[in-house]
Amino acid sequence: MTPERVIEVERLTKRFGEVTAVDDLSFSARRGEILGLLGPNGAGKTTTIQLLLGLTTPTTGAIRLFGLPLREHRRQILQRVNFSSAYISLPFNLSVRENLDVFGRLYGVRNRRHRIAELLELFEIPEVVDSVTGKLSSGQVTRVNLCKAFLNDPEILFLDEPTASLDPDIAEKVRAALKSVQRERGVTMVYTSHNMREIELVCDRVIFLSHGKLVAQGTPREILERADSESLERVFITIARGGRLEN
């Protein structure tokens, strides 16, 4: 049986005036898959995620999540989705417990105290539960944001540079936690990062964007073979400098 496609994007385009941020983009992601969304700065990654979250409206094209058109079913869909970024700040004057409890209420999470404790354990920061968020290290804040993203037990999770502020030891633990959740709950993740070694370790499949266009897609191994390259980092540099996979 073919795995269910939970994300389907067809000929998606987004223009801001004369600038085309996303250009006739089509791709899909299966249930339980970690899909790397890659490309240099300005490639269209952030705009694509904003479109998939319904935060901005496509100029043309279609988005379906769980088989439902996003435009008509956004509220229903977003109850099953979440997002985390290393660059989003939580209210700094609240404790970690208070911040997560607020989001738990917004998401309608039952038994919030237990769920918060469970997630803080998963990301190995239970000791910060009563700490003021503004006094946490950047790495701790990143992991609190990940806890926030998992509160509603999402079926699709968008992760924007989830290990950007973490040291190598903690980054490895976070990757292990994400893979564990993927295996146990079948969560589909769309994963952006400029750390190509991390992408090779985490992602089942990747798509590369350049100037809003899809220029390559496949498993990391397939991309390396097609580019005749020894690393995804070299592939990234080739695309960043030339706008396409081949030299």
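Positions are given from 1 along the sequence.
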#### Entry: Between CD on residue Glu33 and CD1 on residue Ile7, distance to nearest 0.5 Å
8.5 Å
### Message
A quick test of your reading: do over 12 heavy atoms of other residues, nucleotides or ligands sit less than 6.0 Å from NZ of Lys179?
### Response
yes
### Query
Between Arg5 (side chain) and Ser28 (backbone), is there a donor-acceptor pair under 3.5 Å?
no
### Message
When you measure from the side chain of Asp204 to the backbone of Ile34, do you find a donor-acceptor pair of N or O atoms at a distance under 3.5 Å?
### Response
yes
### Query
Are Ser193 and Glu161 side-chain neighbours, meaning at least one heavy-atom pair lies under 4.5 Å?
yes
### Query
Rounded to the nearest 0.5 Å, what separation is found between the OG1 atom of Thr219 and the CD atom of Glu200?
10.5 Å
### Query
So, Glu222 and Arg205, do they make that salt bridge, N to O below 4.0 Å?
no
### Query
What about Phe83 and Val81, same hydrophobic cluster or not, with Ile/Leu/Val/Met/Phe/Trp/Tyr joined at side-chain heavy-atom distances under 4.5 Å?
yes
## Note on the structure
Sorted by chain and residue number, the ring pair (Phe, Tyr, Trp, His ring centres under 6.0 Å) partners of Phe123 (sequence neighbours excluded) come out as Phe150
### Query
Looking only at heavy atoms, which two atoms of Thr163 and Ala171 are closest? And how far apart?
CB-CB, 4.0 Å
### Task
Go through the steps to decide whether Glu155 and Val6 satisfy the test side-chain contact (heavy atoms from CB on, under 4.5 Å), and finish with yes or no.
CA-CA 9 Å; Glu155 296 170 62; Val6 294; over 6 Å; no
### Query
Can you name the closest pair of heavy atoms from Ser85 and Asn145 and give their distance?
O-ND2, 3.8 Å
### Query
Taking Ser26 for the side chain and Arg11 for the main chain, is one N or O donor matched with an acceptor at less than 3.5 Å?
yes
### Query
In terms of heavy-atom contacts, does CG of Asn93 have more than 12 from other residues, nucleotides or ligands at under 6.0 Å?
yes
### Message
Set out, in order, the CA-CA distance, both residues' side-chain angles and the distance that settles side-chain contact (heavy atoms from CB on, under 4.5 Å) for Leu38 and Met196, then state yes or no.
### Response
CA-CA 9 Å; Leu38 312 177; Met196 293 299 100; 4.1 Å; yes
#### Entry: Carboxylate-amine/guanidinium proximity below 4.0 Å for Glu124 and Arg143
no
### Query
Given side chains that start at C-beta, do those of Leu35 and Arg30 come closer than 4.5 Å, heavy atoms only?
no
### Task
Using the rule that two of Ile, Leu, Val, Met, Phe, Trp, Tyr join whenever any of their side-chain heavy atoms come within less than 4.5 Å, decide whether Leu136 and Leu94 are in one cluster.
no
### Task
Taking only Lys NZ, Arg NE, NH1 and NH2, and the carboxylate oxygens of Asp or Glu, determine whether Glu118 and Arg115 approach each other closer than 4.0 Å.
yes
### Query
Can you find a heavy atom in the side chain of Glu10 that is under 4.5 Å from one in the side chain of Arg64?
yes
### Message
Could you measure the distance from the CD atom of Glu8 to the CZ atom of Phe27? Nearest 0.5 Å is fine.
### Response
11.0 Å
### Query
Got Thr13 and Val22 here, is their nearest side-chain heavy-atom distance under 4.5 Å?
no
### Task
Search all heavy atoms of Arg15 against all heavy atoms of Thr59 and return the closest pair with its distance.
N-OG1, 2.8 Å
### Task
Please answer: with hydrophobic residues joined when any side-chain heavy atoms are less than 4.5 Å apart, are Val215 and Leu12 in the same cluster?
no
## Note on the structure
The side chain to side chain contact (heavy atoms under 4.5 Å, CB included) partner of Leu159 among Leu178, Val202, Thr192 is Leu178
### Message
Could you go through Val141 and Ser89, starting from their C-alpha distance and side-chain angles, then the distance that decides it, and tell me whether this counts as side-chain contact (heavy atoms from CB on, under 4.5 Å)?
### Response
CA-CA 8 Å; Val141 171; Ser89 299; over 6 Å; no
### Message
Could you check whether atom CD of Glu233 has more than 12 heavy atoms from other residues, nucleotides or ligands sitting under 6.0 Å from it?
### Response
no
### Task
May I ask you to test the Ile237-Arg234 pair for a side-chain heavy-atom distance under 4.5 Å?
yes
### Message
Would you say NE2 of His211 has more than 12 non-hydrogen atoms from neighbouring residues, nucleotides or ligands within 6.0 angstrom?
### Response
no
### Message
Do Ile63 and Leu52 have side chains that approach each other closer than 4.5 Å (heavy atoms only, starting at C-beta)?
### Response
yes
### Query
Taking it one step at a time, do Leu25 and Leu51 satisfy side-chain contact (heavy atoms from CB on, under 4.5 Å)?
CA-CA 12 Å; Leu25 177 62; Leu51 289 164; over 6 Å; no
### Task
Give the cluster check for Phe103 versus Leu122: same hydrophobic cluster or not, with ILVMFWY residues linked at side-chain heavy-atom distances below 4.5 Å.
yes
### Message
Any non-hydrogen side-chain atom of Ile116 less than 4.5 Å from a side-chain atom of Leu151?
### Response
yes
### Query
Is Arg97 close to Asp130 at the side-chain level, that is, under 4.5 Å between some pair of heavy atoms?
yes
### Query
Does the Ser180 side chain pair with the main chain of Ala176, one donor and one acceptor, at a distance under 3.5 Å?
no
### Summary
Value for NZ (Lys135) from CD (Gln140), rounded to nearest 0.5 Å, stands at 13.0 Å
#### Entry: Side chain Asn99, main chain Pro91, donor-acceptor under 3.5 Å
yes
### Query
Does one hydrophobic cluster hold both Phe158 and Leu90, with members joined at side-chain heavy-atom distances below 4.5 Å?
no
### Query
Should the heavy atoms of other residues, nucleotides or ligands under 6.0 Å from CZ of Arg185 be counted, would the total exceed 12?
yes
### Message
For Ala29 versus Thr188, what's the shortest heavy-atom pair and its separation?
### Response
CB-CG2, 4.1 Å
### Query
Any donor-acceptor pair under 3.5 Å linking the side chain of Lys45 with the backbone of Leu209?
no
#### Entry: Closest contact, heavy atoms only, Pro154 versus Val187
O-CG2, 3.5 Å
## Note on the structure
Which of Leu214, Leu37, Thr238, Val235 passes side chain to side chain contact (heavy atoms under 4.5 Å, CB included) with Phe208? It is Val235
#### Entry: Closest heavy-atom pair and its distance - Val174, Leu146
CG1-CD1, 3.7 Å
#### Entry: Atom pair CG/CD1 of Leu68 and Ile77 - distance to nearest 0.5 Å
5.0 Å
### Message
Nearest 0.5 Å, please: how far is CD in Gln182 from CE in Met189?
### Response
6.0 Å
